[in-house]
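What follows is a single structure, written as structure tokens, with notes after it.
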Protein chains: 2
Amino acid sequence: MIPDELDPLRSATPRARQIVDAARGLLEREGWDRVTMRDLADEVGIRAPSLYKHFANKDAVKAVLVGVALAESGAALRPVTDVASLLAAYRAIARAHPDLYRLATVGPLDRDALPAGLEEWSGAPFFEVTGDPHAAQALWAAAHGMAILEIDGRFPTGTAPDETWAELASKFA
Amino acid sequence: MIPDELDPLRSATPRARQIVDAARGLLEREGWDRVTMRDLADEVGIRAPSLYKHFANKDAVKAVLVGVALAESGAALRPVTDVASLLAAYRAIARAHPDLYRLATVGPLDRDALPAGLEEWSGAPFFEVTGDPHAAQALWAAAHGMAILEIDGRFPTGTAPDETWAELASKFA
DNA sequence: GTCTATACAAAGATAGAC
DNA sequence: GTCTATCTTTGTATAGAC
């Protein structure tokens, strides 16, 4: 699915992979703020100081998880067919792994910590479906707005109705 | 501009207002994570524990600031004319006070801590300009997606081009 | 690479005196 | 309502044994 050279775990040791897996589990159960280095070490079965032999700090763990999120998202959005299907796939990703989605999309992005080309590859489906860079960015931003507001429970009704997603799709169809 | 009964500072004591003002200043200079109860107290000229005589905890300070942000946003979006002007006003708010915008729009919303009706009043311009609840929600979500990605520097080019905002406006015109 | 032990600096929060 | 003193959690880090 994802090109080998874009895999954020490409050169990770088995132990590093294990740590990332554990971090993802904790993240999806508790949210990033509640992932502590101590709990992460517990989950792996080692002591907290040992984590620093594999990752410089907590942010380095986060960077890999962000890469994983972008890679999985880019894969799930392919192959590209039409706007409605793309939006449906995008929504599904955010709802399936809300904390991972949040981690990868909220706040600044440390681009230097990502495999070169991954960010672009992850967003390319929006260009493919619109055929125009500005329309692609606008559609991506709209999809993100819908997704993040939905998983954060910000829509007054509690969850975003299917009709609102359909309305958005109709505008860009 | 804003109805009196929606004012989040309506029943605040002078000291509480002073604390909120100081918190806003710190927020806009440093971001919410760097607003500490100690720094906030310093700014006001008292000791950190004294803050807890005026606010239950840091989240209670945040709740008032979120209310202030919603109130100012709702005021700045009025009067409503057309989609393009509404989006321009929305974008201007986010760019003028990015950390306040983030505080009010990122993550879950503690609705119980807000004046009743404020959230709805703040978002009503989107209903006014579209005349349809689903289109209003979709437009609001799209505007938020654009705004938050722009102030977080998430657009690959660095900042969202005016053309992308124009593209979005054209879809909902 | 892992462990134990230890340390330190934020940061939110509380208890109790005045 | 303000103070001083104190507690806890957490990220981060080091030293040194195995």
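Since this is a predicted model, take the numbers as computed values, not measurements. Residue numbering restarts at 1 for every chain, and letters A, B, ... go by the order of the sequence lines.
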Inset, instruction - Look at the side chain of A/S170 and the backbone N and O of A/E167, then say whether any donor-acceptor pair between them is shorter than 3.5 Å. - result: yes
Legend entry - Side-chain ion pair, B/D152 and B/R102, N-O less than 4.0 Å: yes
Inset, instruction - Could you state the atom-to-atom distance from CE of A/M37 to P of D/dT14 in whole Å? - result: 13 Å
Legend entry - 5'-most by nearest nucleotide on DNA chain D - A/R34 or A/P49: A/R34
Inset, instruction - Answer yes or no: does a side-chain N or O of B/Y52 lie under 4.0 Å from OP1 or OP2 of C/dT14? - result: no
Legend entry - Whole-Å gap separating P (C/dG1) and CD (A/Q18): 13 Å
Inset, instruction - Look at all strands and tell whether A/V61 reaches a base, only sugar-phosphate, or nothing, counting heavy atoms closer than 4.0 Å. - result: nothing
Legend entry - Under 4.0 angstrom between A/S50 side-chain N/O and C/dC3 OP1 or OP2: yes
Inset, instruction - Write down the distance between CG (A/L40) and P (D/dT12), rounded to a whole number of angstrom. - result: 11 Å
Legend entry - A/L51 CG - C/dT2 P separation (whole Å): 9 Å
Inset, instruction - Can you tell me the distance, in whole Å, between the CZ atom of A/R47 and the P atom of D/dG11? - result: 17 Å
Legend entry - side-chain contact (heavy atoms from CB on, under 4.5 Å), paired with B/V64, selected from B/L114, B/V20, B/I19: B/V20
Legend entry - Atom-pair distance (CG on A/D42; P on D/dG11), nearest Å: 12 Å
Inset, instruction - Classify the angle between the aromatic ring planes of B/F126 and B/Y90 as parallel (below 30°), tilted (30 to 60°) or perpendicular (above 60°). - result: perpendicular
Legend entry - Out of D/dG11, D/dT2, D/dT4, whichever nucleotide has its closest atom nearest the side chain of B/H54: D/dT2
Legend entry - Check: B/R15 side chain, D/dG1 base, donor-acceptor under 3.5 Å: no
Inset, instruction - Determine the contact category for A/V44: base if any of its heavy atoms lies under 4.0 Å from a base atom, sugar-phosphate if only primed atoms, P, OP1 or OP2 are that close, otherwise nothing. - result: nothing
Inset, instruction - Quick one: label B/T36 by what it contacts on the DNA or RNA (base, sugar-phosphate, nothing), any heavy atom closer than 4.0 Å. - result: sugar-phosphate
Inset, instruction - Select base, sugar-phosphate, or nothing to describe what A/A56 touches, counting heavy atoms under 4.0 Å on all strands. - result: sugar-phosphate
Inset, instruction - Would you classify A/K53 as touching base, sugar-phosphate or nothing, given that sugar-phosphate means primed atoms plus P, OP1 and OP2, and contacts are heavy atoms under 4.0 Å? - result: base
Inset, instruction - Please tell me if the side chains of B/L139 and B/L87 come closer than 4.5 Å, counting only heavy atoms from C-beta onward. - result: yes
Legend entry - Nearest-Å distance for atom pair CG/C1', residues B/D39 and C/dG12: 13 Å
Inset, instruction - Round to the nearest Å and state the distance from A/K58 atom NZ to D/dT9 atom P. - result: 16 Å
Legend entry - Nearest-nucleotide comparison on DNA chain C, the residue closer to the 5′ end among A/A48 and A/R38: A/A48
